[in-house]
Amino acid sequence: MADWGCVTKFEVQQNPLLRVPNTKPPFTIGQLKKAIPPHCFERSLLSSFYYVVSDLSLAFILYTATTFFHLLPHPLSLIAWPIYWVLQGCVLTGVWVIAHECGHHAFSKNQWVDDLVGFTLHSALLVPYFSWKISHRRHHSNTGSLDRDEVFVPKSKSNVAWYHKCFNNPTGRAVSLLITLTLGWPLYLAFNVSGRPYDRFASHYHPYAPIYSDRERLLIYVSDVSLFCVAFFLYRVATVRGLVWLVCVYGVPWLIVNGFLVSITYLQHTHSALPHYDSSEWEWLKGALATMDRDYGILNKVFHHITDTHVTHHLFSTMPHYRAMEATNAIKPILGEYYQFDDTPFYKALWREAKECLYVEPDEGTSQKGVYWYRNKF
């Protein structure tokens, strides 16, 4: 048996900033698949719905709890709301992840079931399911490509806008992170902020945006109509229960979901150890391996391990989340130094990456001009 150079989790934790090898991997996707127990690829409708029902039940219990907050003595009633916001935001992030899994056809064996569940859950969270499913599929097909990746595409030093340099200080960094975590997701959907550059206006709400082909445009209309219906429903709720009630029960947890979504995806693809490639160097497997598993503590389970099994997810996106950890442990001995795991607490990692990962440039004095690494010196 070949010696793949096993790297233990402890070793990776000790050296979380070592660069991922950017050479052609000494293994194939077929060899990785053979190392994974076959049952890890089996999608169980019963198991998948168990997680849907569990998450939605917990979300309903938390909502029900808010109906008793007015009975709490002051100031406990005021403290209860922030606790609810954080807990509900975490639970609904788990719901978001399940809908994302539906978009990958990892929920069940039936595509229509996956789309129905994903469409329902994502619409409830104001996500244009089909619109994002299409662009996200292209992200998975082009991960790490500076030319074709769809999201978190870093800029070269020469293309960094002048005002970004004004944020390269603690105060500016804090403001930038606040804006990114609260508005980053809706800005990406509406205006393609941080997305792949297109030659004309691109939006996930625009059926004729360059993101989509002619045969996909009807699905964008379907996504838009669903969001209009949900928005109208929320408006009617606000007229009956009041805007403040809606913001407290739904709005703030929704913002927390958006914040976690941005932090999770940002940290998975932004790290000084991760390369990006131009068209001369990019290959699908190299790009898929240019991702980082992170540790969110107990939230790993709440978020259905999208945080700490992301490398496996990019290699086998139709694998259900409840099999991903077993699969990750199976392929780590083969991946060796191509597997990256950083256990830095996510809030510290956000600050570090926002400081260290400002633009990408190739190394000087190297023949690999198509391999780009993060820098922060202007």
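Keep in mind that what you see is a predicted model, and the values were worked out from it rather than measured.
Summarising the local packing, CZ of Phe60 is surrounded by 12 or fewer heavy atoms from other residues, nucleotides or ligands at distances under 6.0 Å. When the shell of 6.0 Å around CG of Leu78 is examined, it contains more than 12 heavy atoms from other residues, nucleotides or ligands. Lys301 NZ: 12 or fewer foreign heavy atoms inside a 6.0 Å radius.
A donor-acceptor contact closer than 3.5 angstrom is absent between the side chains of His314 and Gln268. Side-chain atoms of His304 and Asp55 include a donor-acceptor pair closer than 3.5 Å. A side-chain N or O of His204 and one of Ser135 form a donor-acceptor pair less than 3.5 Å apart. Side-chain atoms of His321 and His313 form no donor-acceptor pair, as typed in the model, at a separation below 3.5 Å. Asn300 and Asp295 form a side-chain donor-acceptor contact under 3.5 Å, judged by distance and modelled atom types alone.
In terms of the ring-ring contact (aromatic ring centres under 6.0 Å, His included) criterion, residue partners of Tyr266 (sequence neighbours excluded) are, by chain and number, Phe152. Ser108 is linked by a side chain to side chain contact (heavy atoms under 4.5 Å, CB included) to Leu45, Asn110, Val113, Asp114, counting only residues two or more places apart in sequence or in another chain. A search for side-chain hydrogen bond (donor to acceptor under 3.5 Å, both in side chains) contacts involving His136 returns His100, His104, His140, not counting sequence neighbours. Partners of Asp224 according to the side-chain hydrogen bond (donor to acceptor under 3.5 Å, both in side chains) rule, which considers only residues two or more places apart in sequence or in another chain, do not exist here. Partners of Glu101 under the side-chain hydrogen bond (donor to acceptor under 3.5 Å, both in side chains) rule, at least two apart in sequence or in another chain, do not exist in this structure. Every residue was checked against the ring-ring contact (aromatic ring centres under 6.0 Å, His included) condition with Tyr212, not counting sequence neighbours, and none meets it. For Phe201, the side chain to side chain contact (heavy atoms under 4.5 Å, CB included) partners are Phe191, Ser203, His206, not counting sequence neighbours. Asp293 is linked by a side-chain hydrogen bond (donor to acceptor under 3.5 Å, both in side chains) to Tyr339, counting only residues two or more places apart in sequence or in another chain.
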Contacts table for residues 237-253: side-chain donor-acceptor under 3.5 angstrom, sequence neighbours left out:
from: Thr239; atom 1: OG1; to: Arg236; atom 2: O; distance (Å): 2.6
from: Tyr250; atom 1: OH; to: Ala124; atom 2: O; distance (Å): 2.7

For a quick test of your reading: what N or O donor-acceptor pairs under 3.5 Å do the side chains of residues 172-187 make, sequence neighbours left out?
from: Thr180; atom 1: OG1; to: Ser176; atom 2: O; distance (Å): 2.8
from: Thr182; atom 1: OG1; to: Leu178; atom 2: O; distance (Å): 2.7
from: Thr182; atom 1: OG1; to: Ile179; atom 2: O; distance (Å): 3.4

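A salt bridge does not link Asp342 with Lys348: every distance from a Lys NZ or Arg NE/NH1/NH2 to an Asp or Glu carboxylate oxygen is 4.0 Å or more. Under the 4.0 Å criterion applied to side-chain N and carboxylate O atoms, Arg137 and Glu216 are assigned as salt-bridge partners. Taking a cutoff of 4.0 Å between a charged side-chain nitrogen and a carboxylate oxygen, Asp363 and Arg375 qualify as a salt bridge. Ion pairing between Arg138 and Glu150 fails under the 4.0 Å rule for side-chain N and carboxylate O.
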* Trp96/Leu121 under side chain to side chain contact (heavy atoms under 4.5 Å, CB included): CA gap, chis, key distance, verdict -> CA-CA 7 Å; Trp96 196 104; Leu121 297 179; over 6 Å; no
* To do: Kindly indicate, with the supporting measurements, whether the criterion salt bridge (Lys or Arg N to Asp or Glu O under 4.0 Å) is fulfilled by Lys133 and Asp115.
  => CA-CA 10 Å; Lys133 170 186 173 180; Asp115 283 340; 2.9 Å; yes
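With side-chain heavy atoms closer than 4.5 Å counting as contact, directly or through intermediates, the hydrophobic cluster containing Tyr374 also holds Leu146, Val360, Tyr372.
Panel note: side chain Thr270, backbone Leu267; no donor-acceptor pair is recorded below 3.5 Å. Listed for the Lys286 side chain is a donor-acceptor partner under 3.5 Å among the backbone atoms of Glu281.
The aromatic ring centres of Tyr322 and His305 sit 6.0 Å or more apart. Aromatic pair Tyr338/Phe27: centroids less than 6.0 angstrom apart.
Using cut-offs of 30° and 60° for the angle between ring planes, the Tyr84 and Trp81 rings count as perpendicular.
Residues in residues 33-45 take part in no salt bridge (charged side-chain N to carboxylate O under 4.0 Å, His left out) pair, two or more places apart or across chains.
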